[in-house]
A.B. asks: 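Have a look at the structure that comes next, please.
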Amino acid sequence: MAQPRSLAVRAAVARRYHESQPRPRPTLLVDDMDDAAALAFAGRGLIWIGVVQDGRVVCASGRPPFDYDVAKVVAYLKSHAARARRAAREAARAMAPPAAAA
C-alpha cells in the first residue's frame, strides 16, 4: 500500500485497520502528516508505537523490521485487560449492598 498523502486518507486507512481487529480494541491514535509523534518517540517513522498510559509509553512493539513484535503488545493488553476486569469485579462486589437474609 502506498503511503497516504493526506490526513483524511491516513485516518481512513487506520479506521479500516482498527475496525478489522477483534474486540475489545484499544484507542487508536493517528499521527499528523509530519509524523511528529513518531519522530518524537523514535527519531523515525514507526508502524506501531504501543500503549500510552498516564502520558508515557508503557509498552511498545519495537522498531521495524527487526525489533517489531506486535505479539508483545497484544500480550500486554490482554494481561492488563484481565487485571482490569478482575479489579472491576472486586470493586462491584465491595460496593454491592449486602444480600438479604433468608
Side-chain angles (χ1 to χ4, degrees):
M1 167 181 263
Q3 287 294 319
R5 297 198 179 270
S6 73
L7 187 56
V9 173
R10 181 179 272 193
V13 169
R15 189 174 12 267
R16 278 196 307 271
Y17 169 77
H18 190 249
E19 290 171 354
S20 74
Q21 299 305 299
R23 291 184 185 264
R25 298 179 204 142
T27 301
L28 178 69
L29 304 174
V30 177
D31 205 350
D32 286 330
M33 293 307 293
D34 62 0
D35 293 327
L39 293 170
F41 281 103
R44 64 185 176 128
L46 289 178
I47 296 169
W48 178 276
I49 291 174
V51 181
V52 178
Q53 184 176 12
D54 298 326
R56 66 184 184 92
V57 176
V58 294
C59 182
S61 62
R63 291 182 179 184
F66 304 111
D67 297 326
Y68 193 62
D69 186 0
V70 173
K72 177 177 83 173
V73 176
V74 170
Y76 177 90
L77 291 171
K78 285 182 178 179
S79 73
H80 283 72
R83 277 189 243 155
R85 283 192 296 273
R86 279 194 302 276
R89 282 193 302 269
E90 290 170 9
R93 278 194 296 269
M95 294 171 47

A.B. asks: Each residue besides Met33 in its hydrophobic cluster should be listed here, by chain and number; the cluster joins Ile, Leu, Val, Met, Phe, Trp and Tyr at side-chain heavy-atom distances under 4.5 Å.
C.D. replies: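 Taking Ile, Leu, Val, Met, Phe, Trp and Tyr as members, Met33 shares its hydrophobic cluster with Leu7, Val30.
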A.B. asks: For Glu90, check side chain to side chain contact (heavy atoms under 4.5 Å, CB included) against everything at least two apart and list the hits.
C.D. replies: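 With neighbours one apart ignored, the set is Arg93.
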A.B. asks: For Arg10, give me all partners under salt bridge (charged side-chain N to carboxylate O under 4.0 Å, His left out), at least two apart in sequence or on another chain.
C.D. replies: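 Arg10 satisfies salt bridge (charged side-chain N to carboxylate O under 4.0 Å, His left out) with Asp35 once adjacent residues are dropped.
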A.B. asks: Excluding sequence neighbours, so at least two apart, what forms side chain to side chain contact (heavy atoms under 4.5 Å, CB included) with Ser6?
C.D. replies: Ala8, Val9
